[in-house]
Amino acid sequence: MVRGKKVEIVSLLVLVIVMAATAATVTYDHRALVIDGKRKILISGSIHYPRSTPEMWPDLIQKSKDGGLDVIETYVFWNGHEPEKNKYNFEGRYDLVKFVKLAAKAGLYVHLRIGPYACAEWNYGGFPVWLHFVPGIKFRTDNEPFKAEMQRFTAKIVDLMKQEKLFASQGGPIILSQIENEYGNIDSEYGAAGKSYMKWSASMALSLDTGVPWNMCQQGDAPDPIINTCNGFYCDQFTPNSNNKPKMWTENWSGWFLGFGEPTPYRPVEDLAFAVARFFQRGGTFQNYYMYHGGTNFERTSGGPLISTSYDYDAPIDEYGLLRQPKWGHLRDLHKAIKLCEDALIATDPKITSLGSNLEAAVYKTSTGSCAAFLANIGTQSDATVTFNGKSYRLPAWSVSILPDCKNVAFNTAKINSATESTTFARQSLKPDGGSSAELGSQWSYIKETIGISKDDAFVKPGLLEQINTTADKSDYLWYSLRMDIKGDETFLDEGSKAVLHIQSIGQVVYAFINGKLAGSGNGRTKISLDIPINLVTGKNTIDLLSVTVGLANYGAFFDIIGAGITGPVSLKSAKTGSSMDLSSQQWTYQVGLKGEDTGLGSGDSSEWISKSPLPTSQPLIWYKTTFDAPSGSDPVAIDFTGTGKGIAWVNGQSIGRYWPTSIARADGCVGSCNYRGTYRNNKCLKNCGKPSQTLYHVPRSWIKPSGNTLVLLEEMGGDPTKISFATKHTGSNLCLKVSQSHPAPVDTWTSDFKFSNRTSPVLSLKCPVSTQMISSINFASFGTPTGTCGSFSHGRCSSARSLSVVQKACVGSRSCKVEVSTRVFGEPCRGVVKSLAVEAACA
Ligand code: GAL
């Protein structure tokens, strides 16, 4: 046994070494990427390495492989790798080489989107902010300083990959690289210079000689030999700009990103699978899920403005690294079905015919006798019965059936054979023995951040300054401060010095302090207009305005010069007379960042922490600190920031990102249940309306020690940190699935020789997600016409009396079970109707 393992390991090692040493040729033709002379059907998924930790990478990559991916796609994040000009960082979450090697180790290819513009809801689209200060620079156009920097960084990445032998041409996993990103969406706004920049980008990339093809996405005029690829919710209608290029899809949005103040988008897997199947039906050859694992925008990496810290994206693997079921499982089945068709797919182009209105067949038939077919019903209303090759097939609305042998259905995009598994958060207190909030509160200490100017590097300038030009994004925070002497005889002021302070900002948050007290605040994406009633005193007054950015813009033409902050006007108005005094061009004092940021309070080490009670709460600009023990177990960890306002948090000195539980999603636009039929849009399926956009924030396990961890918060609005709680996320113990008699048999029952003796009937199969668990009870079972959805099934008009006992017998006491969905097993409860088996089971 042990010896056998050893032999296995040794031969595996030999294999890995042989693989590593073998250079592959990657080319393409009109049908596919061609690797070592063979066309490939490739399923890819995006995982952005800095949105998780190196400790998470192996598991994420393995889950991708198990889900049927062949390729991992990632951007390269310039601002992470070169935070200061010529000072590089390829460590930790930015260890790109390690990430690529881990993908290779799992036997996966890599698509490296060097950009170096990324977009990606990433701060400044991935550009380092220092780039903005290069003299004479203009981004993403025919501009010498920009092109020089772009070329230098692109070459740097290509050289690094070459040194590590990571291109397929050197025996590595990288089969494709991307230059620029969706420039074609906006290039017209750059005029002729945009066109020449695009052409320059293409030839610059080609000159780097990677030995593998390059692509440009959303660039209809990408010059040869660069492959132009499609991004979108659907790409079946896309055609590349040359007959010699394959049809490739670099971003199939598996969901959508979340913004602060926004409801949570999700995309039903029936529609996602439909989009993928339609793409392969119509000659597609490479398809990438954006995102397969979205992850987390740690530190200040989220773009914007106003991108949330979570980048979950409703992806098949959730933010915390857990499988999202049935999304992950249904797509895995889809990938298997597509791969069963691979021989036919790569051999030929599809023959597309109409089977009726909104009904379409595509057949891939080779001279050697292989045949694969895709049958689609793109109607949104009604199911249809079609006749194909003399056989009759039922096609649900908005679905595609895949027939790897042109006869039998292996998969239908609308019929899910994977069980729903819910994930839940379990609450944990900060201290295992702690409980009462008083006790938790007493463990907090604090430091008050000075309101207004406190640092030596503050400076005076006339007029209102744009924020990014002033802070260089070294901090989210910029103080605009003014001292005013009120003699008491100003005509514009009412008696008692009552006035209205008018402030205009281009984003994203403003706090106005009058004589050290918070008088008002507001926030907005790119426009904030505030009118704050204030009281001034006779004599000296201070007006301290704190402007806060929440992620720099990442998309659109000229996004780099949109700017932020209080660009004015700022004025004082008499509420009574209406006369006003413009303060915009006064001598303002500026401070970039907060004092506590300079002194490194985020790390927790400082001798200034005050632990005497009472702990100040509901006051702006306070640093809080506490210690905590690791939540028990090994499940992923989140902090629930409910009770706090807005700020930035650190665990053991590592920034976990911006928290903002008081940012409430708008109240409208959500749907109770989303109909997957019909064209998806990013705001079609929304949940969480009227609730905080994000209360839970991921803290990677590897950042936490068993005990003595430090949590630091910079609370800007005012809140009560003692309300914070910890939660661990795990896959719940309930499995739930409904399989009808018209479902295809599980795709696993297909073998590559297409013998299908044991796949005549549909099967309901269940498996406990945790290997040590067994199915302990069946909480619902009905073969007949059960109604409802997972969690709320009920018996319909017809239900076999044997339903529960059959399922119990097959499942209870085992980790997994399979039950044939047929009258042979359950008897006939009602003739003449298509019946379903609905089951809810619990694992323990
Ligand atoms: C695309 C872009 C991606 C990402 C996506 C939305 O336009 O290429 O980087 O921003 O939109 O998530």
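Predicted model only: the values in this text are computed from it and were never measured. Only heavy atoms go into these numbers, but all of them, side chains included; no hydrogens, no water, no symmetry mates. Both ligands and their constituent atoms are indexed starting at 1 by order of listing. For reference, positions follow the sequence shown, starting with 1.
Those atoms of ligand 1 that come under 4.0 Å of a heavy atom in Trp256, given as number and element, are 6 (C). Near Phe257, meaning under 4.0 Å from one of its heavy atoms, ligand 1 places the atoms 6 (C), 12 (O). Near Tyr313, with a cut-off below 4.0 Å to any heavy atom, the atoms of ligand 1 are 6 (C), 12 (O).
Between Tyr117 and the choices Tyr183, Tyr555, Trp78, Tyr75, the side chain to side chain contact (heavy atoms under 4.5 Å, CB included) rule is met once, by Tyr555. Tested against Arg658, the residues Thr301, Asp476, Thr309 include a single side-chain hydrogen bond (donor to acceptor under 3.5 Å, both in side chains) partner, Asp476. For the pairing with Phe279, the ring-ring contact (aromatic ring centres under 6.0 Å, His included) check across Phe238, Tyr289, Trp249, Phe274 returns one residue only, Trp249.
Taking the ring centre of Phe298 as origin, the terminal cationic atom of Arg93 falls outside the region bounded by 6.0 Å and 45° from the ring axis. For the pair Lys63 and Trp328, the cation does not sit on the ring face, since its NZ or CZ is not both under 6.0 Å from the ring centre and inside 45° of the axis. Figure legend: Arg267 and Tyr234 shown as a cation-pi pair, the cationic atom lying under 6.0 angstrom from the six-membered ring centre and within 45 degrees of its axis.
Nearest non-hydrogen protein atom to atom 11 (O) of ligand 1 is Glu251 OE1, 3.8 Å. For atom 10 (O) of ligand 1, the nearest protein heavy atom (residue, atom name, distance) is Glu121 OE2, 2.6 Å.
Look at Trp122 and you'll find every heavy atom at least 4.0 Å from all atoms of ligand 1.
On the SG-SG cut-off of under 2.5 Å, Cys235 and Cys230 qualify.
Considering backbone and side-chain atoms alike, Ala120 places an N or O below 3.5 Å from some N or O of ligand 1. For ligand 1, the polar-atom distance check against Tyr75 finds a nitrogen or oxygen pair separated by under 3.5 Å. By the 3.5 Å distance cut-off applied to N or O atoms, Glu182 is counted among the residues near ligand 1. Between Asn181 and ligand 1, at least one N/O pair is under 3.5 Å apart.
Only the backbone of Ala118 comes within 4.0 Å of ligand 1, judged by heavy-atom distances.
Using the six-membered ring where Trp is involved, Phe260 and Trp660 have ring planes that are tilted, between 30° and 60° apart.
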